[in-house]
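Side-chain atoms are counted along with the backbone in the values below, which use heavy atoms only and exclude waters and symmetry mates. In what follows, every chain begins at residue 1, and chains take the letters A, B, ... in the order their sequences are listed.
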Number of protein chains: 2
Amino acid sequence: MEVGPLLAVPPGERYKLVQSFLDKYREMTLEALLSYVPEREPRKYLYDLVSDYPVRGGKGFRPSLCLASCAAFGGDPLDALRSAVSLELFHNAFLVHDDVEDGSEDRRGRPTMHAQFGIPIAVNVGDAMNVLSIRPLMDNLKHLGERLAWQVFTEIEHMVRESVEGQAMELGWVHENVIDLQPQDYLRMILKKTCWYTCIHPVRIGAIIGSDGEIDPDEFNRFGYYMGASFQIQDDILNLYGEHKRYGKEIGGDIWEGKRTLILIHALNTCTPRQRERMRRFLSQPRVERSADDVRWVYRVFQECGSLEYSRSVARYLAGAALQEFADSFSGAKETPEKRFLEQIILYMIERDL
Amino acid sequence: MEVGPLLAVPPGERYKLVQSFLDKYREMTLEALLSYVPEREPRKYLYDLVSDYPVRGGKGFRPSLCLASCAAFGGDPLDALRSAVSLELFHNAFLVHDDVEDGSEDRRGRPTMHAQFGIPIAVNVGDAMNVLSIRPLMDNLKHLGERLAWQVFTEIEHMVRESVEGQAMELGWVHENVIDLQPQDYLRMILKKTCWYTCIHPVRIGAIIGSDGEIDPDEFNRFGYYMGASFQIQDDILNLYGEHKRYGKEIGGDIWEGKRTLILIHALNTCTPRQRERMRRFLSQPRVERSADDVRWVYRVFQECGSLEYSRSVARYLAGAALQEFADSFSGAKETPEKRFLEQIILYMIERDL
């Protein structure tokens with residue numbers, strides 16, 4: 001019996017391997033994405049802004065998962081490139097609207113779109129990015145044929161629905177100032193809001209195209225869920241404890257926004273009744289009325305409660321489960337560098353500091 | 001030679017004819033639309049709100065144009081019903097986001113979605129409505145076959161792109177406080193923002209399905225443009241001079257929002273230099289800083305300049321041109337009640353008071 005990949009690759013080596021694939025796939029996708037942005041008017045408040053978030057340089061997780069999964073199942077990554085472009089455009093559209101919805105200030109080291117151009121223009125640019133994400137899927141028709149093109153289309157449609165459902169859950173909690181939440185509620189929310197579009201569907205789509213529709217995409221659901229959940233928890237941790245310059249978002253922004261992170265939920269369930277009541281009052285205020293002193297106080301409660309350590313542990317359990325699921329769901333894939341990349345990115349996601 | 005339909009039908013008769021078709025088509029579409037709204041969680045801040053604007057009862061112009069055009073070219077309106085649902089869902093999604101973008105207060109006689117639930121939830125509900133508008137188009141596949149289903153899909157994709165482009169033009173004017181505008185600029189903007197999705201594509205899609213793809217849909221572009229433009233100008237007029245209860249939006253809302261309507265553009269080009277300078281200052285303020293006194297003053301300038309009469313005239317020229325184009329572009333359609341409805345709705349649109 002093999003001991004598995006957990007300790008087989010040291011973090012430094014993993015970092016190099018994963019980073020080189022991410023760089024390659026991100027560049028491929030960005031180049032193709034930009035070719036889908038119309039070169040015509042209206043530029044200033046529409047098409048120039050459509051490429052704004054993508055060229056700021058995200059990590060490229062989603063297209064990379066898609067392209068590598070295609071290769072791992074025997075396909076040419078170029079066959080999945082249009083779908084990867086659609087994923088990346090949708091992701092960036094989601095970010096633009098998400099930043100409006102959360103009142104976020106920074107994104108990838110610069111002011112959010114609505115902070116620069118106002119909510120009206122940001123909402124419309126997000127709508128434009130959503131419709132532009134359709135065109136590459138239509139182009140799949142002539143490259144992949146009707147059957148695969150429609151299958152990918154169905155995947156994307158489901159993906160977007162899950163994302164808006166997850167977003168609605170989270171916004172509902174903030175709107176009603178819900179504080180009686182358990183870790184399971186959080187996991188259900190991020191399964192919808194994050195996992196489907198960040199991991200599950202990118203891998204499903206890549207595997208569908210790579211295997212020419214032979215593979216059952218449901219095989220990847222648990223893998224993608226575990227991976228996406230550990231990714232999101234690490235994101236929440238970085239939001240609190242990361243370096244602003246590297247992470248590119250406002251540090252502590254989630255506290256300012258009253259986001260129901262696993263860290264917050266743990267603290268609410270662990271702190272004293274007095275602290276919980278003060279937290280409730282803090283969370284009931286509109287963002288603009290929250291003070292820096294109160295944000296620091298919440299941060300101290302997190303520390304007292306050990307909520308960071310708790311969340312780190314959960315992220316690691318989930319990553320371990322993802323590794324285990326990976327072994328099963330990718331057992332049919334040949335041992336290629338792309339498969340190795342997909343395995344190694346699981347731990348990379350919770351070791352990353354940006 | 002026939003004298004044509006201009007004076008052949010008195011307004012009262014036209015009203016009854018058009019209204020009965022609108023009622024029938026609107027009900028068919030709403031029923032089908034509601035069957036596409038998932039009956040599951042999250043309800044309160046998502047799926048319950050998805051049907052909010054549609055059940056408030058719009059006029060149903062867009063689905064009616066689509067279904068009647070399908071029938072006029074020999075098809076069964078039921079074959080176009082899914083496409084009509086998609087048009088109506090998209091239209092309502094656009095309204096939800098448009099209300100956010102314009103800071104509008106009322107819609108169909110009730111507070112706008114963001115006025116009731118806040119901008120974050122309204123933006124997300126609009127996103128959900130956009131993705132839900134995809135499903136009926138996917139269902140076209142099994143009912144209409146691959147060729148027609150893709151063709152309709154391409155129509156919708158173009159329609160949404162034109163709409164966000166038109167929206168970007170209008171938002172850019174407000175954002176930069178542009179006042180050097182001519183009627184042609186306004187017409188170019190509403191061609192994109194209103195005409196494609198309100199008239200041109202509904203008719204094109206109906207005719208494509210009705211003729212089983214035999215008809216060249218470009219034949220309807222000018223007709224739909226003229227009709228849509230006269231519709232939009234009438235909408236701008238009703239916004240200023242309508243009765244609140246019947247019209248369902250805030251009267252004078254366009255002035256509060258600083259919208260570049262044909263009326264405003266005419267007034268800016270007609271008023272005295274002093275009035276123009278005061279208008280410029282008024283328009284440079286954020287909505288919340290505008291006073292009711294100033295809004296009344298703008299309204300009086302409109303009256304002094306004869307901007308209402310001017311806009312009414314332009315709407316009539318456009319309606320006349322639409323009637324003329326209708327005769328050409330529908331010459332191949334049999335003389336059916338549906339064709340008669342389509343002809344009569346042109347003048348109905350500028351005679352309406354809601």
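Distance alone, capped at 3.5 Å, places no donor-acceptor pair between the A/Asp102 side chain and the A/Ser104 backbone. A/Glu257 contributes no side-chain N or O that, together with a main-chain N or O of A/Lys259, makes up a donor-acceptor pair within less than 3.5 Å.
Salt bridge annotation for B/Glu165-B/Lys193: absent, with no cationic side-chain nitrogen under 4.0 angstrom from a carboxylate oxygen.
Your options are B/Met169, B/Gln167, B/Glu146, and the one with the most heavy-atom pairs under 4.5 Å with chain A is B/Glu146. For chain B, the option among A/Glu41, A/Lys44, A/Glu157 with the highest count of heavy-atom pairs below 4.5 Å is A/Glu157. Here B/Asn124 is the residue among B/Leu46, B/Ile156, B/Asn124 with the most heavy-atom pairs under 4.5 Å with chain A. Ranked by heavy-atom pairs under 4.5 Å with chain A, the list B/Phe94, B/Tyr47, B/Trp150 is led by B/Trp150.
Taking the six-membered ring for Trp and thresholds of 30 and 60 degrees, A/Phe117 and B/His175 have ring planes inclined between 30 and 60 degrees apart. Ring geometry for B/His91 against B/Tyr197 counts as tilted: the plane angle lies between 30° and 60°, on a 0 to 90° scale.
For B/Asn130, the part lying under 4.5 angstrom from a heavy atom of chain A is the side chain only. For a residue to count as touching a neighbouring chain, one of its non-hydrogen atoms must lie under 4.5 Å from one of that chain's; by this rule A/Arg40 touches chain B with the side chain only. Contacts of A/Leu141 with chain B are made by side-chain atoms alone, with heavy-atom separations under 4.5 Å and no backbone atom involved. Neither the backbone nor the side chain of A/Leu49 comes within contact range of chain B, judged by heavy atoms closer than 4.5 Å.
Cation-pi geometry between B/Arg290 and B/Phe282 is met: the NZ or CZ atom falls under 6.0 Å from the ring centre, inside 45° of the normal.
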